[in-house]
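Read the structure below first, then the notes.
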Amino acid sequence: MLAHFRRIAVASFALALIIAMPVSRADAQAIFGAAELDDDDVSLYLLGGAWGPGGMGWKPFGSVVGYMLRFPAGATTETRNVITPSLGMINNKQDQSLSLAVGYAFSDDDAGAPFLVPAQSGDGVVASLGWDYWGNGTRASQVLASYNFGQQFLWTRGRMGFRLSPTSPLFVGGELAVLGGGDASAYLAQFGPTIEYRFTPQFRLGGSAGLKSGISNVTGSAAYGRVEFLWLPNAK
């Protein structure tokens, strides 16, 4: 069971990325990607994008995220390819944004058992929400939640980061995710420090590492590491 939830923790990052990149202010486009590994020989390679009209107030937006997940299955390695398009609304303010979206996960192998593979490895409707706060630019906070109705899988994550100095391009902070569900009501926590370097207003590179640990009907733990990027072509 723990090995399956390690896989869930890795690939569930894809659900967050559907809404994790705020289309705020004039930033009507966002391109993002990530690679994550853990010590259970699971890997995730992801690329996605979000598009919207920009501007303040409630605006429509769309996103598409696709990824490849590889994980051990007995003596072999299994691969799953998933693409999830979503449509939603985002409320942009000067210092924060709130987004709501609904999409559908299309997988090349629709697995019905919610605990044997990550939720988005099977087909299903995905509902998501996200809140991002950047204030005056000295800190960054984020709360995300996603639910896959096809596999009854819940994913939530909170992040907070602080700029090292008023002019520093480096942000440091931490993250906490809780995920799981299904008939067994099994849940896993993922937590650790985060770091982000903003090379320009348009391009950011981040990384995180930490521990995955069972909190309900799951035992044991595993270590993880992740690198990710965000490109906002219209950011100023």
Side-chain angles (χ1 to χ4, degrees), residues 9 12-36 46-61 63 65 88-101 128-146 155-179 189-212 223-236:
S12 62
F13 183 62
L15 286 178
L17 279 175
I18 294 173
I19 55 172
M21 308 309 174
V23 188
S24 58
R25 300 173 183 172
D27 306 338
Q29 293 83 39
I31 306 297
F32 46 87
E36 185 169 340
L46 177 147
L47 184 64
W51 302 268
M56 297 294 104
W58 284 101
K59 304 288 182 179
F61 78 98
S63 66
V65 60
M89 297 291 293
I90 185 167
N91 186 15
N92 294 315
K93 297 183 179 181
Q94 291 293 338
D95 60 352
Q96 61 187 287
S97 67
L98 174 67
S99 61
L100 305 169
S128 304
L129 66 87
W131 174 74
D132 287 272
Y133 179 82
W134 51 89
N136 61 4
T138 60
R139 68 183 181 96
S141 302
Q142 184 183 76
V143 177
L144 304 172
S146 297
W155 185 95
T156 63
R157 188 187 72 190
R159 274 184 172 180
M160 182 172 289
F162 299 89
R163 191 186 294 268
L164 286 185
S165 72
T167 60
S168 174
L170 188 64
F171 283 71
V172 295
E175 64 180 8
L176 170 64
V178 176
L179 51 138
Q190 176 176 328
F191 52 91
T194 63
I195 187 170
E196 180 186 79
Y197 193 92
R198 301 187 178 184
F199 290 87
T200 67
Q202 296 79 29
F203 185 75
R204 308 173 185 180
L205 184 65
S208 57
L211 186 68
K212 303 170 186 176
Y224 74 93
R226 179 194 312 127
V227 294
E228 55 195 271
F229 78 87
L230 171 62
W231 178 41
L232 302 168
N234 299 325
K236 300 183 185 300

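- Between E196 and R159 there is no salt bridge, since no side-chain N of the basic residue sits under 4.0 Å from a carboxylate O of the acidic one.
- At a threshold of 4.5 Å between non-hydrogen side-chain atoms, the residues S128 and W155 do not count as touching.
- Side chains of K93 and N91 form a contact here, defined as non-hydrogen atoms less than 4.5 Å apart.
- Remark: S141 engages R139 in a side chain to side chain donor-acceptor pair (under 3.5 Å) (not counting sequence neighbours).
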### Query
Going through the distances and angles, do E36 and E228 end up as a side-chain contact (heavy atoms from CB on, under 4.5 Å)?
CA-CA 9 Å; E36 185 169 340; E228 55 195 271; over 6 Å; no
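- At a cut-off of 3.5 Å, with distance as the only test, a side-chain donor of R226 or S208 sits close to an acceptor on the other residue.
- Listed here is the closest heavy atom pair of F61 and S99: CE2-CB, 4.0 Å.
- Closest non-hydrogen pair, L144 versus G130, comes out as CD2-CA, 3.7 Å.
- Residues Q142 and R157 meet the side-chain proximity criterion, which asks for heavy atoms closer than 4.5 Å.
- For A30 against L232, the heavy-atom pair with the smallest separation is CB-CD2, 3.6 Å.
- For the residue pair S168 and R163, the shortest heavy atom distance occurs at O-NH1, 2.5 Å.
- With a 6.0 Å radius and a threshold of 12 heavy atoms from other residues, nucleotides or ligands, W131 has its CH2 atom above the threshold.
- Shortest non-hydrogen contact noted between F229 and L205 is CB-CD1, 4.2 Å.
- Between Y224 atom OH and F191 atom CZ the span is 8.5 Å, to the nearest 0.5 Å.
- Looking at every heavy atom in both residues, L230 comes nearest to F32 through CD1-CB, 4.3 Å.
- I195 contributes atom CD1, which lies 7.5 Å from atom CG of L164 (distance to the nearest 0.5 angstrom).
- Atoms CD and NZ, on Q190 and K212 in that order, are 5.0 Å from each other to the nearest 0.5 Å.
- At least one side-chain heavy atom of D95 sits under 4.5 Å from a side-chain heavy atom of Y133.
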